[in-house]
Amino acid sequence: MTMAYQPMTLADLAGHLLRQHDERIRWKHVWEFFEEYRWAAAEQQPHLFRDEPALTGDEQWDVLLAAMAEHLAAQRDLAPPEWSRARVLETPWFPSSLPSKRMEALVSAPAAFRKHGVYLSARDLEAA
């Protein structure tokens, strides 16, 4: 029996992040999620970020997942998932250590990411 392809959900992504501690590979999983999301059928997309992902053991990554969910919901003119609202960093996180990338993120991070305290540039998200 052949199973139909199922794109990665944020809950699946959290599992990958929990098992992987190499930051470069973690980012590859994030970009893979975005790629699979883009290829998913429009009616399937909201299901990919609706369910609350398990905690990864790293607050910054847990909040990143919430920011991603809220960002994707906003793109579809949907309310953010309830679970995403409480995940907010007290101290802003700039994933890039490069001063130029940090400045770009400060200026162009999407609203959902800024609200959660995660500063990724819009260009980094588009490149994903």
Worked check of side chain to side chain contact (heavy atoms under 4.5 Å, CB included) between V63 and F113: CA-CA 9 Å; V63 172; F113 286 83; over 6 Å; no
Do the non-hydrogen side-chain atoms of L13 and M68 ever get within less than 4.5 Å of each other? yes
Should L65 and F34 be regarded as members of a common hydrophobic cluster, given that ILVMFWY residues are connected when their side-chain heavy atoms come within less than 4.5 Å of each other, either directly or indirectly? yes
Checking D62 side chain against T56 main chain: does a donor-acceptor pair fall under 3.5 Å? yes
Can you name the nearest heavy-atom pair linking V88 to E59, along with the distance? O-OE2, 4.1 Å
Nearest heavy-atom neighbours spanning A79 and A73: O-CB, 3.7 Å
Are any of the side-chain heavy atoms of L120 and L64 separated by less than 4.5 Å? yes
Donor-acceptor contact below 3.5 Å, side chain Q45 vs main chain Y37: yes
So, are E52 and R87 salt-bridged, with charged N and O less than 4.0 Å apart? yes
Give me the atom names and distance for the closest heavy-atom approach of F33 to L48. CE1-O, 4.0 Å
Separation of F49 CZ from H71 NE2 (nearest 0.5 Å): 10.5 Å
For P92 and E90, the nearest pair of non-hydrogen atoms, with its separation, is CD-O, 3.9 Å
Relative to the ring of W27, is the ring of W61 parallel (under 30°), tilted (30 to 60°) or perpendicular (over 60°)? tilted
Heavy-atom closest contact (M8 atom, E36 atom, distance): N-OE1, 2.6 Å
Looking at CD of E35 and NZ of K28, how far apart are the two atoms once the value is rounded to the nearest 0.5 Å? 14.5 Å
Interatomic distance, D12 atom CG to H29 atom NE2 [nearest 0.5 angstrom]: 11.5 Å
Does a sphere of radius 6.0 Å around CZ in R24 hold more than 12 heavy atoms from other residues, nucleotides or ligands, not counting ones at 6.0 Å or beyond? no
Check for a donor-acceptor pair, side chain of R76 on one end and backbone N or O of L72 on the other, with a separation under 3.5 Å. no
Given side chains that start at C-beta, do those of L89 and V118 come closer than 4.5 Å, heavy atoms only? yes
State the CD-CG distance between E70 and L78, to the nearest 0.5 angstrom. 11.5 Å
Is the closest side-chain heavy-atom distance between R26 and H16 below 4.5 Å? no
Give a yes or no on whether the backbone of E104 and the side-chain of S108 come within a donor-acceptor separation of less than 3.5 Å. yes
Roughly how far apart are L106 CG and S121 OG, rounded to 0.5 Å? 11.5 Å
Mind checking whether Y119 and F94 have parallel, tilted or perpendicular rings, split at 30° and 60°? parallel
If you compare all heavy atoms of P7 against all heavy atoms of Q44, which two are closest, and at what distance to 0.1 Å? CD-NE2, 3.4 Å
Taken to the nearest 0.5 Å, the spacing of D58 CG from L17 CG works out to 9.0 Å
For the backbone of P81 and the side chain of R50, can you confirm whether one donor and one acceptor N or O come within less than 3.5 Å of each other? no
